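Order of the sequence lines sets the chain letters (A, B, ...), proteins ahead of strands, with each chain counted from 1. These numbers come from a predicted model, not from an experiment.
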Amino acid sequence: MDLITKDSAPPPNFIRYIIEEDQKTGRFDGRVVTRFPPEPNGYLHIGHAKSICVNFGFAREFGGACHLRFDDTNPAKEEVEYVDSIQEDVHWLGFDWGPHRYFASDYFDTLYGFAETLIQKGKAYVDSLSPDQIREYRGTLTEPGKESPYRNRSAAENLDLFRRMRAGEFADGEHVLRAKIDMAAPNILMRDPTLYRIRKTAHHRTGEAWCIYPLYDFTHCISDSIERVTHSLCTLEFENNRELYDWVLNQLEIYHPQQIEFARLNLSYTVLSKRKLIELVRGGHVAGWDDPRMPTISGLRRRGYTPESIRTFCKRIGVAKRDSMVDIALLDYCVREELNKRANRVMGVLRPLKVVIENYPEDRTEELEAINNPEDPSAGARQVPFSRELYIERDDFMENPPKKFFRLAPGREVRLRYAYFITCTDVIKDENGEATELRCTYDPETKGGDAPDGRKVKATLHWVSAPHALEAEVRLFNHLFLTENPSAAKGEFTDHLNPDSLEILPDCRLEPSLAEAGPGERFQFERLGYFCVDKASAPDLPIFNRIVTLRDTWAKIQKKAQKG
RNA sequence: UGGGGCGUCGUCAAGCGGUAAGACACAGGAUUUUGGUUCCUGCAUUCGGAGGUUCGAAUCCUCCCGCCCCAGCCA
């Protein structure tokens, strides 16, 4: 089912205005070509999802194309593992680049040729300063830099040196190729930026073919040009690079796309920088890139988020130039919204409390009908077994209930969903005074959940028949960080990790129909939240991940009461 | 103190000279065999600040203030 086409039109934003204007004036011959250019040096996260939705979204909206291009110009950091995961994630999100999959490394020959062109035009030179010297010569934010003594080598000498760089005659760092622009430029990026460096490192695609590699500013604009990209959409931190982007293409006098910058996504209670994400993985703070607490696409996928909900989220946050921090509650809302319509309901008890119905026959089992999804009549109904011994949620019983607690308590009558009204008659406790078992009676007249005499109860509880229950492990996830913006907080961002971000409940009891559920299947556990069968789940040890809780008014009331 | 950007509700975000959309969050209420869903209702006399132009300004001008980015042979 392609839900993408059903997505309603996104709200207006400044980039659409630009594209619409270009369409009107016939700029780029009415074409719209965008690109998503990840460097294969890490896993994609929800910040990338925004960029993917923006780029593929505009392409689709205007009947154009969006290229997937791997920006693989730094062999030291890049690996095939990452290109595989990136492709999987983009597809999973629901986007298709069709035949347009490219690698910057495919352009190495062309790039090299353009570099020689620049040299011949006197617009690039081989510099032999050390990295430290280059830094010193660059000047500072307020002081101009000074020119390298090698800046005025002849074109012939530069060409010779550059060819010998390529031939491997020099060691790493001995020479670089630099653009000859202006060492006094107020934009530091224009102070003779480095175009090529020597790196005697094997590349994941080109192997040993090269020992010099082009840098981003030289590669990106030319790659866009080669691919006839029209609108090169990137994040705000590249605003300073635009001047250089334009400079290179102007010197080369080749096709010239327009670079447009928008704000990257920041999400509360998590981090979205590759460096920090890598640190979480390598530091063992999470179980891996696809740990369900991670904001990576693979983490969200394993957790149970749907691609549709992530797309909806990206549409709702909009596209603008303002630095912002989006409330993660909006992401929660987007999944709930979708799963409410799509997920079948089921009953599962996370923290079991035994209940014995004293007046219910010991040898009896009834099959009760339960509706699969009240939001979707076509989802039908199922049978759920009921018997004398049940489990209910510990939180659904209180011996000394406060004012607004409507659930089970001594002497109180409540409804068991789709079953009967029961009344608690006795509480059996352990030596610590902890309730271990409830003795109850049921009213046979209330089968199905309605009392013929019209009497009401204030609560309906979920339950599972003890002898029929499926034992399972359930993993609850909470915010990875305790603070809204860990990157801005004092100390190391890892100081702010939430010690309770993962809670494993090893002894849960679920209704038997769940035995059929396979990895990736999602359900609403009534009154609790949405859950997804984990990829490591097995018949002998079913594992469910909590995607997100249901909205919980009772929890709010409790919190308010606590604050007093 | 150089250059490039950005400042509209708690959080995102429309608005582009005609008198502040929408969403999330939050707060009430109704319906409910999920304290879920759904449904109502409320929530910026004001757009970083101060001046100015105009019949009229969030939108135009001036000055000021605040925040972000740039000194990798990373992207």
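For the pair A/R415 and A/F421, the cation-pi test (distance below 6.0 Å, angle within 45°) is failed.
You won't find any donor-acceptor pair under 3.5 Å spanning the side chain of A/D552 and the base of B/G36, going by distance alone. No hydrogens or angles were tested; on distance alone, a donor-acceptor pair under 3.5 Å links the side chain of A/Q524 to the base of B/U34. In this model, no side-chain donor or acceptor of A/R316 finds a partner on the base of B/C24 within 3.5 Å.
Under the Watson-Crick or G-U wobble criterion, with both distances below 3.5 Å, B/A13 has no partner in any strand shown.
If you check every strand for non-hydrogen atoms under 4.0 Å, A/M190 touches nothing.
Across B/A14, B/U34, B/A75, the shortest atom-to-atom separation from the side chain of A/R417 is found for B/U34. For A/Y333, the listed nucleotide lying nearest its side chain is B/A25; candidates were B/U1, B/A25, B/A13. Comparing B/A75, B/G35, B/C70 against the side chain of A/I557 picks out B/G35 as the nearest. Among the nucleotides B/A23, B/A75, B/G36, the one closest to any side-chain atom of A/R345 is B/G36.
With centres under 5.5 Å and a plane angle under 30°, the ring of A/W554 is stacked against the base of B/G35.
Under a 4.0 Å N-O distance rule, the pair A/R16/A/E21 does not qualify as a salt bridge.
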